Structure formats: structure tokens, C-alpha cells
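The chains referred to below are lettered A, B, ... by the order of the sequence lines, with proteins before strands, and numbering in each begins at 1. A quick note: this is a predicted structure, and the numbers were derived from the prediction, not measured.
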Number of protein chains: 2
Amino acid sequence: MKETAQILREKGLKVTPQRIAVYNMLLNTIEHPNAETIYKALEPTNPTMSLATVYKTLDYFKQLGLVQELNVGEGSSRYDAVVKCHPHTVCMQCGKVQDLYLDELTEIHKKVEEELDFEVNCEQLILYGICGKCRNKNKEG
Amino acid sequence: MKETAQILREKGLKVTPQRIAVYNMLLNTIEHPNAETIYKALEPTNPTMSLATVYKTLDYFKQLGLVQELNVGEGSSRYDAVVKCHPHTVCMQCGKVQDLYLDELTEIHKKVEEELDFEVNCEQLILYGICGKCRNKNKEG
DNA sequence: TATTAAATAAAAATAGTTATCGATTAGGGG
DNA sequence: CCCCTAATCGATAACTATTTTTATTTAATA
């Protein structure tokens, strides 16, 4: 595993324990935590960490392309260390957000660029629905 | 044009001038205004109108399926009287939000339902990029 | 027109995020 | 390896979008 410290340094960021903690946490999860969740997860092991620092750190990371911000319509933003654009599913019952990979989107990009006069830079596809787990739970109940 | 008052009444809403004003405004625009924009647009002709009422009205409308809420990653939500799910383009330069219609999405729905265990209810596709107008402006500059 | 439940305006509260600022610390030069 | 300086940190205040509260007004119906 490549050193987080080095990645940060390459991006021109001063390396601090707080930044390493935030970045590592995002690397090691497939959940898509928001700032508050990240803060609560790190607080026990990093008692010297404030919510404001988490926000500021995420903002730096976002601008340097280290993380991706994701808004699925909740009050707050979620963050993803996978920075390549990719679709997500959002379960409207349990709120779980999952990654998704679909080749069909490149076709759509091409179509929009050609037919409309719009240069697509990045896309965000969110599929809202009910995940299998919740569907099963509903049948039982 | 069908009476707005009647539409509201059919949905079980009490008909008030404020609600008529908000709904008509959304019907007559292809912009995707947020609550603040709606309020500012209506204020001159409806001096007796508050921002809180706009928010509450939009919330009622949303729950009754009269409008669709759209979050393109700004601080606030935008609203659309076209309630059928449809993709949007967002120009990252001028901020303009435009509607888009793509048949390819039904294929994607089907694929996700079959291959993953996820029941798709509604989708939101946002294509971020630069619109033709801004691209031309950039060339000139 | 009287009744009544619902809607309104204004203000206060709340949630998420950002800005401020003095204290602290990372990292290059010596 | 230590010192210096600029960058970053944490705490808290401020800010923005939205929701709730409350007292008042209004629409719908009898």
C-alpha cells in the first residue's frame, strides 16, 4: 500500500496526522461517510481532531482530486476516495449508498456531446430504490 | 390551460393565492429555480408572501407529486414542475440547468434490477460540463 | 354568515458548513 | 538535530438553507 503521507506530499499538502487519518479512513471503507461520520469514527483514536478540521481537510482533498463529494439528497454531503465518476444506488429505506459500474454511460456521454452542444466533463447517476436486504425484510414483516 | 386551482383541489390542498402563484411560476419556466429564486420572483406581485411559505408549499407539492426536487450539488435545492424522472445537464461555468431526455436509461434500470438485487424506483442523472454558449464565450475571450 | 380546520407571516430554532483567530506544528535551512 | 516561519490546527462564532413555532388570518363548508 502506497504511503498516504507521500500521496499528500505529492499533492503539495503539508502532512499532518489529521489528514492522514481522514484519507486512510476513506480509503478503507466502501460506505460513503459524511463529515460527521468521519469525525465520529476518528475521534476515539484521534482525540485531537475537530469537526471543522474534517470539513477543511475534505475541502482540500476535493480540490486536489483526492476525494469525490457526493450528494444523494440528504442534508449533508458524503465523500468517496474513489474519484473516478461512477454511479451509485441509494436505498430509500435504509439509506445505504453503494457503488455501481456501468459501461452504458460512455454511450450517453457521446450522444449528449454530439446531439446537444454540451461538453460532458463528469456525470453523476444516482439510482433511488429499495435494496435486496430491505425488500426481504419487508416480506417477512 | 387547466386551472391551477383545480389541480391543487384535486390533490386535496386548500387553494390559496400563494400556492397558485408558486405552482404557476414553476409551470411557466424551464429554469430550475430554488426556493429563494421563486420567492424573489413572486414578491413584487405578491407582497404578502414569505420565504417560509414558499418552502412549505414546495414541500407539500413535492409530497403530492406536483413538483420534483433537484439537487445538483449547490447549497440549495432546485424545483421542477416536470415530475417525471429525467436527466439534467449542469453547466459548471454559468450554472445553467437544462432538461434532457434519454431512452438509454430504461436499459440501465433493467440491467441493475436484474444483475444486482436492487429495485429501481427513480433515477437522477446529472451531466456536469460546459454548455455551448460558455464554450463559445471562452474561445472569444 | 358562522364555524373550524388549515394556511399564513414573522421570528426563532436547527443543521450543515464555513470563517476567524490565537495556539500549535510540520518541514526546510542551518 | 534544532530553530524558524509559514501553514495548519481546534474552538467557537458566523453564516446559509431550511424547518418549526406561534399567533393570526383565511378558505371551505354548512
Side-chain angles (χ1 to χ4, degrees), chain A residues 3-23 25 32-64 66-79 95 97, chain B residues 3-23 32-64 66-79 95:
Chain A
E3 280 295 337
T4 297
Q6 193 186 335
I7 296 171
L8 300 183
R9 211 171 284 120
E10 279 168 9
K11 289 285 182 181
L13 285 177
K14 197 170 272 194
V15 178
T16 69
Q18 293 84 348
R19 287 175 182 175
I20 292 176
V22 170
Y23 192 59
M25 189 218 154
H32 297 70
N34 59 20
E36 177 104 36
T37 307
I38 295 170
Y39 172 63
K40 289 206 174 134
L42 296 180
E43 205 188 10
T45 47
N46 302 57
T48 161
M49 166 81 79
S50 85
L51 186 54
T53 299
V54 173
Y55 275 111
K56 217 177 295 175
T57 300
L58 289 170
D59 193 50
Y60 278 124
F61 286 0
K62 185 176 60 176
Q63 290 187 36
L64 293 168
L66 285 174
V67 303
Q68 188 186 174
E69 192 175 6
L70 176 66
N71 196 315
V72 301
E74 299 160 325
S76 58
S77 294
R78 290 165 172 262
Y79 294 85
V97 176
Chain B
E3 280 295 337
T4 297
Q6 192 185 336
I7 296 171
L8 300 182
R9 212 171 284 121
E10 279 169 9
K11 289 284 183 181
L13 284 177
K14 198 170 273 194
V15 177
T16 70
Q18 291 85 348
R19 289 175 181 176
I20 292 176
V22 170
Y23 191 60
H32 297 69
N34 59 20
E36 177 104 34
T37 306
I38 295 170
Y39 171 63
K40 288 206 175 133
L42 296 180
E43 204 187 11
T45 47
N46 301 57
T48 162
M49 166 82 78
S50 83
L51 186 54
T53 300
V54 173
Y55 275 110
K56 203 178 285 182
T57 299
L58 289 170
D59 193 51
Y60 279 125
F61 287 0
K62 185 176 59 176
Q63 289 187 36
L64 293 168
L66 285 174
V67 303
Q68 188 186 175
E69 192 176 5
L70 176 66
N71 196 315
V72 301
E74 301 161 324
S76 58
S77 294
R78 290 166 171 261
Y79 293 86

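- Sorted by residue number, the members of residues 41-51 of chain A with any non-hydrogen atom under 4.0 Å from DNA chain D read A:T48, A:M49, A:S50.
- The side chain of A:Y55 places an N or O atom within less than 4.0 Å of a non-bridging phosphate oxygen (OP1 or OP2) of C:dT17.
- One interatomic measurement links the two molecules: CD of B:E74 to P of C:dT17, which rounds to 15 Å at whole-angstrom precision.
- Of the candidates C:dA10, C:dT8, C:dT17, C:dT17 carries the atom nearest the A:S76 side chain, counting heavy atoms from C-beta on.
- Counting only heavy atoms from C-beta on, A:R19 has its side chain closest to D:dT8 among D:dA11, D:dT8, D:dT19.
- The phosphate of D:dT18 (OP1 or OP2) has a side-chain N or O of B:S77 nearer than 4.0 angstrom.
- Side-chain contact between A:K11 and A:F61 is absent, with no heavy-atom pair separated by less than 4.5 Å.
- Put simply, CG on B:L8 is 14 Å from C1' on C:dA6, counting in whole angstrom units.
- Nearest heavy-atom pair across A:A5 and A:V15 is O-CG2, 3.4 Å.
- Under 4.0 angstrom from either OP1 or OP2 of C:dT25 there lies no side-chain N or O belonging to A:Q18.
- Considering only heavy atoms from C-beta on, A:Y79 stays 4.5 Å or farther from A:H32 through its side chain.
- The side chain of B:T53 has C:dT8 as its nearest neighbour among D:dT18, C:dT8, D:dT8.
- Among the heavy atoms of the strands lying under 4.0 Å from B:Y60 are primed sugar atoms or P, OP1, OP2 only; no base atom is included.
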Protein and nucleotides 27-30 of chain D: nitrogen or oxygen contacts under 3.5 angstrom:
unit_1	atom_1	unit_2	atom_2	d
D:dA27	O3'	B:V15	O	3.3
D:dA28	OP1	B:V15	N	3.3

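- When atom types are taken as modelled, the side chain of B:T53 and the backbone of B:M49 share no donor-acceptor pair closer than 3.5 angstrom.
- When the nucleotides D:dT8, C:dC21, D:dT20 are ranked by their closest atom to the side chain of A:K56, C:dC21 comes out on top.
- Between the side chains of B:E69 and B:S77, at least one donor-acceptor pair of N or O atoms lies under 3.5 Å.
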